[in-house]
Amino acid sequence: MHIVSHSDIESEAKKAGISMRQICQRAGVSESTMVRWKYGRLSPRLVVVEKIINALTALLSERKKEGELA
């Protein structure tokens, strides 16, 4: 089992040209939550991490459908 970190999400988003703001908006998570997670001031609950991963996955899927990703 791989534990997903903020840097994992940020790295995948950056590769696809997706901002953390877009992920937060799609996930319904505040940007301050993401910043606190990034700097180790917060360990988000699993349900929040799932929302973030689902948001990133959806955004990546949309990009692929639009032909913006290989």
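Only this structure's heavy atoms are used, side chains among them; waters, hydrogens and symmetry mates stay out. None of the values given here were measured: they were computed from a predicted structure.
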Rounded to the nearest 0.5 Å, what separation is found between the [atom1] atom of [X] and the [atom2] atom of [Y]?
| X | Y | atom1 | atom2 | answer |
| --- | --- | --- | --- | --- |
| M34 | C24 | CE | SG | 4.5 Å |
| R21 | I18 | CZ | CD1 | 15.0 Å |
| S32 | R41 | OG | CZ | 11.0 Å |
| E10 | L56 | CD | CG | 11.5 Å |
| R26 | K51 | CZ | NZ | 14.0 Å |
| E12 | L59 | CD | CG | 13.0 Å |

Is the backbone N or O of [Y] less than 3.5 Å from a side-chain atom of [X], with the two atoms forming a donor-acceptor pair by type?
| X | Y | result |
| --- | --- | --- |
| R63 | A58 | no |
| Q22 | S19 | yes |
| D8 | V4 | no |
| T33 | V29 | no |

Side-chain contact, heavy-atom cut-off 4.5 Å: W37 with V49? yes

Minimum heavy-atom distance A55-I23, with the two atoms named: CB-O, 3.7 Å

Taken in chain and number order and not counting sequence neighbours, the residues that satisfy side-chain hydrogen bond (donor to acceptor under 3.5 Å, both in side chains) with S11 are none

side-chain contact (heavy atoms from CB on, under 4.5 Å) between M20 and H6, intermediate numbers included: CA-CA 10 Å; M20 295 308 287; H6 181 280; 3.7 Å; yes

Under a single-linkage definition using a 4.5 Å side-chain heavy-atom cutoff for Ile, Leu, Val, Met, Phe, Trp and Tyr, are V47 and I52 assigned to the same hydrophobic cluster? yes

